[in-house]
Amino acid sequence: MAGTPQTASDDRGSSSGDDRPDAATEAFLTHRNLLFTVAYEMLGSAADAEDVLQETWLRWAGVDLDAVRDQRAYLVRVTTRQALVRLRTLRRRRESYVGSWLPEPLLTAPDVAEDVELADSVSMAMLLVLETLTPTERAVFVLREVFDLEYDEIAQAVDKSPTAVRQIAHRARAHVAARRPRGVVSVAETRDALEAFQRAVETGDLQSLLDILAPDVVLLGDGGGVKQAVLRPIVGADKVARVLNAGLGRVAGLAELRRAQVNGCPALILRLDGETDTVVALRVDNGLITGLYAVRNPEKLSHMERETALRR
């Protein structure tokens with residue numbers, strides 16, 4: 001992202017002669033991964049989250065730091081406001097999206113999976129639940145439930161009174177509770193299901209595939225109108241197994257399937273000719289796969305080449 005500080009090891013635009021970052025850059029770098037996570041959870045798009053960070057940096061670079069009491073809170077407030085503006089625009093675009101829209105998958109480090117609450121909050125399943133909230137509800141829910149901000153801080157970020165924010169938070173919690181995945185699943189349980197799923201796919205064993213799918217499993221595909229993908233949700237173990245068998249059967253022997261951590265959860269990456277072709281994230285409940293999220297849209301796969309750092 002041109003003009004925006006990236007990581008501590010990158011060129012940070014120092015204004016001093018000893019290669020140390022200036023105070024504004026150093027503060028931004030300290031909180032950058034947190035700000036990215038806030039923006040990503042609000043938008044479900046890494047590319048748009050990076051654009052939000054660009055806007056945040058441009059505003060931050062011109063601030064009088066001596067007038068800022070809490071730099072973290074200030075940066076989160078600016079990031080939230082920019083994400084809200086972008087989210088309202090994205091909502092209109094997604095209404096005309098070809099087929100199902102899925103969040104942009106991120107290759108994540110093991111430490112994300114170790115933070116169970118963070119991993120759950122950035123999972124494909126949860127990000128899709130957050131899509132059903134209004135922009136303001138989503139911002140309030142993310143800032144309160146994921147990042148544990150005080151109501152007064154959130155009120156400043158969304159331009160509402162603390163009382164209104166409390167009401168919005170209550171409404172958003174109830175909405176999410178009615179739609180969220182059934183519960184937090186251990187990494188080990190998901191990993192075991194993923195390994196069984198991979199074996200069934202690689203061997204083409206339809207019965208083994210059926211054995212690992214929940215009766216009400218749902219398959220969602222996102223090709224963005226560029227790559228072939230299921231246009232509507234496929235529901236039911238038998239239908240999902242047959243669709244997967246047919247689709248993967250076409251590339252048998254040509255594709256490489258490897259396991260990875262995607263959005264804090266075990267997932268499968270299908271590579272063709274050395275390029276990432278499809279990312280398949282899983283939702284597991286009681287040892288069975290209840291959700292499959294297959295992202296094929298090439299515009300959403302650029303963050304699968306290197307790990308993305310997420311922080312709370």
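Treat the numbers as computed from the prediction; the structure is a model and nothing was measured. The basis for the numbers below is simple: all heavy atoms, side chains too, and nothing from hydrogens, waters or symmetry mates.
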**Student:** Is there a donor-acceptor pair under 3.5 Å between the side chain of Arg93 and the backbone N or O of Thr89?
**Tutor:**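 Between the backbone of Thr89 and the side chain of Arg93 there is no qualifying donor-acceptor contact (under 3.5 Å).
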**Student:** Please list, chain by chain and in numerical order, all residues satisfying side-chain contact (heavy atoms from CB on, under 4.5 Å) with Ser121, sequence neighbours excluded.
**Tutor:**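 In terms of side-chain contact (heavy atoms from CB on, under 4.5 Å), with neighbours along the sequence ignored, Ser121 is linked to Glu41, Leu118, Val146.
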**Student:** Could you tell me which non-hydrogen atom of Ala119 sits nearest to which non-hydrogen atom of Gly264, and how far apart they are?
**Tutor:**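 Closest heavy-atom pair between Ala119 and Gly264: CB-O, 3.7 Å.
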**Student:** Please name all residues satisfying ring pair (Phe, Tyr, Trp, His ring centres under 6.0 Å) with Phe28, sequence neighbours left out, ordered by chain then number.
**Tutor:**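 For Phe28, the residues satisfying ring pair (Phe, Tyr, Trp, His ring centres under 6.0 Å) (neighbours in sequence not counted) are Trp57.
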**Student:** Could you name each residue pair satisfying salt bridge (charged side-chain N to carboxylate O under 4.0 Å, His left out) that touches residues 152-171, not counting sequence neighbours?
**Tutor:**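 Pairs touching residues 152-171 that pass the test: Arg81-Asp159, Glu137-Arg171.
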**Student:** Hey, mind stepping through Leu292 and Val218 against side chain to side chain contact (heavy atoms under 4.5 Å, CB included) and telling me if it holds?
**Tutor:** CA-CA 6 Å; Leu292 287 160; Val218 179; over 6 Å; no
**Student:** Cluster question for you: counting only ILVMFWY and a side-chain heavy-atom cut-off of under 4.5 Å, with indirect links fine, are Ile269 and Leu219 together?
**Tutor:**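 No, Ile269 and Leu219 fall in different hydrophobic clusters.
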**Student:** Show every salt bridge (charged side-chain N to carboxylate O under 4.0 Å, His left out) that has at least one partner inside residues 257-266, sequence neighbours left out.
**Tutor:**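 Residue pairs with at least one partner in residues 257-266: there are none.
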**Student:** If hydrophobic clusters are built from ILVMFWY residues whose side chains come within less than 4.5 Å, do Leu270 and Val279 share one?
**Tutor:**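 No, no single cluster joins them.
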**Student:** Hydrogens and angles aside, do Asn297 and Tyr97 bring a side-chain donor and acceptor to less than 3.5 Å of each other?
**Tutor:**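 Looking only at side-chain atoms, Tyr97 and Asn297 do form a donor-acceptor pair, the distance falling under 3.5 Å.
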**Student:** Please walk me through it: do Arg283 and Met124 pass side chain to side chain contact (heavy atoms under 4.5 Å, CB included)?
**Tutor:** CA-CA 8 Å; Arg283 172 68 196 175; Met124 288 285 186; over 6 Å; no
**Student:** How many angstroms lie between NZ in Lys227 and NZ in Lys300, if you round to the nearest 0.5 Å?
**Tutor:**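 So the NZ of Lys227 and the NZ of Lys300 are separated by 14.0 Å.
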**Student:** Drop me the distance from Asp120's CG to Leu127's CG, to the nearest 0.5 angstrom.
**Tutor:**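 Atom-to-atom, Asp120:CG and Leu127:CG are 9.5 Å apart.
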**Student:** With a 4.5 Å heavy-atom cut-off, do Val176 and Thr132 have their side chains touching?
**Tutor:**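 No - every pair of side-chain heavy atoms lies 4.5 Å or more apart.
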**Student:** Looking only at non-hydrogen atoms, find the nearest pair between Ser100 and Gly221 and report the distance.
**Tutor:**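 Shortest heavy-atom separation between Ser100 and Gly221 comes out as CB-O, 3.5 Å.
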**Student:** Just so I know, are the side chains of Thr136 and Arg88 near enough to count as touching, which here means a heavy-atom distance under 4.5 Å?
**Tutor:**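 In short, these two side chains touch, coming nearer than 4.5 Å.
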**Student:** Search all heavy atoms of Thr278 against all heavy atoms of Ala294 and return the closest pair with its distance.
**Tutor:**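 Heavy atoms only, the tightest pair is CG2-CB, 4.2 Å.
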**Student:** If you apply the rule side chain to side chain contact (heavy atoms under 4.5 Å, CB included), what do you find for Asp115 with Asp111, and how did you get there?
**Tutor:** CA-CA 7 Å; Asp115 184 337; Asp111 66 328; over 6 Å; no
**Student:** Quick check: does any side chain N or O of Thr37 sit under 3.5 Å from a backbone N or O of Arg311, one acting as donor and the other as acceptor?
**Tutor:**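 Present.
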**Student:** Test of understanding: with salt bridge (charged side-chain N to carboxylate O under 4.0 Å, His left out), list the residues that count as partners of Arg144, not counting sequence neighbours.
**Tutor:**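 Per chain and number, Arg144 pairs via salt bridge (charged side-chain N to carboxylate O under 4.0 Å, His left out) with no residue.
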**Student:** What's the separation between atom CD1 in Ile154 and atom CZ in Phe141, rounded to the nearest 0.5 Å?
**Tutor:**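 It is 11.0 Å, given to the nearest 0.5 Å.
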**Student:** Once you round to the nearest 0.5 Å, how far does CG of Leu75 lie from NE2 of His31?
**Tutor:**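 So the CG of Leu75 and the NE2 of His31 are separated by 6.0 Å.
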**Student:** Could you give the distance from CG (Leu231) to CD1 (Ile234), rounded to the nearest 0.5 Å?
**Tutor:**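 Going from CG on Leu231 over to CD1 on Ile234, the span is 9.0 Å.
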**Student:** Using the salt bridge (charged side-chain N to carboxylate O under 4.0 Å, His left out) criterion, which residues pair with Glu114? Sequence neighbours excluded.
**Tutor:**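 Glu114 satisfies salt bridge (charged side-chain N to carboxylate O under 4.0 Å, His left out) with no other residue.
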**Student:** Side-chain heavy atoms nearer than 4.5 Å, only ILVMFWY residues, links allowed to pass through others: does that put Val201 and Leu213 together?
**Tutor:**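 Same cluster.
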**Student:** Rounded to the nearest 0.5 Å, what separation is found between the CD atom of Glu189 and the CG atom of Asp285?
**Tutor:**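 Glu189 atom CD to Asp285 atom CG measures 7.5 Å (nearest 0.5 Å).
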**Student:** Please check this pair: side chain of Asn263 against backbone of Leu106, looking for a donor-acceptor N/O pair closer than 3.5 Å.
**Tutor:**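 Confirmed, Asn263 side chain pairs with Leu106 backbone.
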**Student:** Are the side chains of Val217 and Val235 in contact, using a 4.5 Å heavy-atom criterion?
**Tutor:**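 No - every pair of side-chain heavy atoms lies 4.5 Å or more apart.
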**Student:** Please determine which of Arg138, Arg173, Arg312, Arg180 meets the salt bridge (charged side-chain N to carboxylate O under 4.0 Å, His left out) test together with Glu145.
**Tutor:**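 When salt bridge (charged side-chain N to carboxylate O under 4.0 Å, His left out) is applied between Glu145 and each of Arg138, Arg173, Arg312, Arg180, only Arg173 qualifies.
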**Student:** What I'd like to find out is whether the side chain of Gln54 reaches to under 4.5 Å of the side chain of Glu50, using heavy atoms alone.
**Tutor:**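 Not touching, per the 4.5 Å side-chain cut-off.
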**Student:** Got Glu305 and Thr276 here, is their nearest side-chain heavy-atom distance under 4.5 Å?
**Tutor:**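 Yes, side chains in contact.
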**Student:** Indicate the atoms forming the closest heavy-atom contact of Leu310 with Val112, along with that distance.
**Tutor:**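 Nearest heavy atoms, Leu310 then Val112: CB-CG2, 4.2 Å.
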**Student:** Which heavy atom in Thr290 sits nearest to a heavy atom in Ala214, and how many Å separate them?
**Tutor:**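 Closest heavy-atom pair between Thr290 and Ala214: CG2-CB, 3.7 Å.
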**Student:** Mark yes when over 12 heavy atoms from residues, nucleotides or ligands other than Glu256 sit less than 6.0 Å from its CD; otherwise mark no.
**Tutor:**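 Buried by this count: over 12 neighbours within 6.0 Å.
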**Student:** Provide the closest heavy-atom pair for Pro105 versus Val295 in the form atom of the first, atom of the second, distance.
**Tutor:**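 Heavy atoms of Pro105 and Val295 come nearest at CD-CG1, 3.9 Å.
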**Student:** If we ignore hydrogens and angles and just use 3.5 Å, is the side chain of Glu307 paired with the main-chain N or O of Leu107 as donor and acceptor?
**Tutor:**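 The answer is no, because no donor-acceptor pair under 3.5 Å joins these two groups.
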**Student:** Just so I know, are the side chains of Ser208 and Thr203 near enough to count as touching, which here means a heavy-atom distance under 4.5 Å?
**Tutor:**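 With C-beta onward as the side chain, the pair stays apart.
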**Student:** Does Asp48 have any salt bridge (charged side-chain N to carboxylate O under 4.0 Å, His left out) partners at least two apart in sequence or in another chain, and if so, which?
**Tutor:**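 For Asp48, the residues satisfying salt bridge (charged side-chain N to carboxylate O under 4.0 Å, His left out) (neighbours in sequence not counted) are Arg86.
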**Student:** Out of curiosity, does Val284 fall in the hydrophobic cluster containing Val262 (side-chain heavy atoms, cut-off under 4.5 Å, transitive links)?
**Tutor:**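 No, it is not one cluster - the side chains of Val262 and Val284 are not joined through contacts under 4.5 Å.
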**Student:** Sequence neighbours left out, what passes salt bridge (charged side-chain N to carboxylate O under 4.0 Å, His left out) with Glu55? Give chain and number order.
**Tutor:**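 Glu55: salt bridge (charged side-chain N to carboxylate O under 4.0 Å, His left out) contacts with Arg59.
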**Student:** Leu206: which other cluster members, linking ILVMFWY side chains closer than 4.5 Å, directly or transitively?
**Tutor:**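 Traced through the cluster, Leu206 reaches Leu210.
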**Student:** State which residues pass side-chain hydrogen bond (donor to acceptor under 3.5 Å, both in side chains) with Glu202; sequence neighbours excluded, sorted by chain then number.
**Tutor:**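 Partners of Glu202 under the side-chain hydrogen bond (donor to acceptor under 3.5 Å, both in side chains) test: Gln198.
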**Student:** Could you give all pairs that pass the salt bridge (charged side-chain N to carboxylate O under 4.0 Å, His left out) test and reach residues 94-109, with sequence neighbours left out?
**Tutor:**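 Matches after skipping sequence neighbours: Arg94-Glu131.
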**Student:** Would you say Tyr293 and Phe197 are hydrophobically clustered, going by side-chain heavy atoms of ILVMFWY under 4.5 Å?
**Tutor:**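 Cluster IDs for Tyr293 and Phe197 differ.
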**Student:** Tabulate below the donor-acceptor pairs under 3.5 Å that side-chain atoms of residues 60-69 make, not counting sequence neighbours, or state none.
**Tutor:**
residue, atom, partner, partner atom, Å
Trp60, NE1, Ala24, O, 2.9
Asp64, OD1, Asp66, N, 3.1

**Student:** Got a sec: does the CD of Glu299 have more than 12 other heavy atoms crowding it under 6.0 Å?
**Tutor:**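 It does not: Glu299 CD has 12 such atoms or fewer within range.
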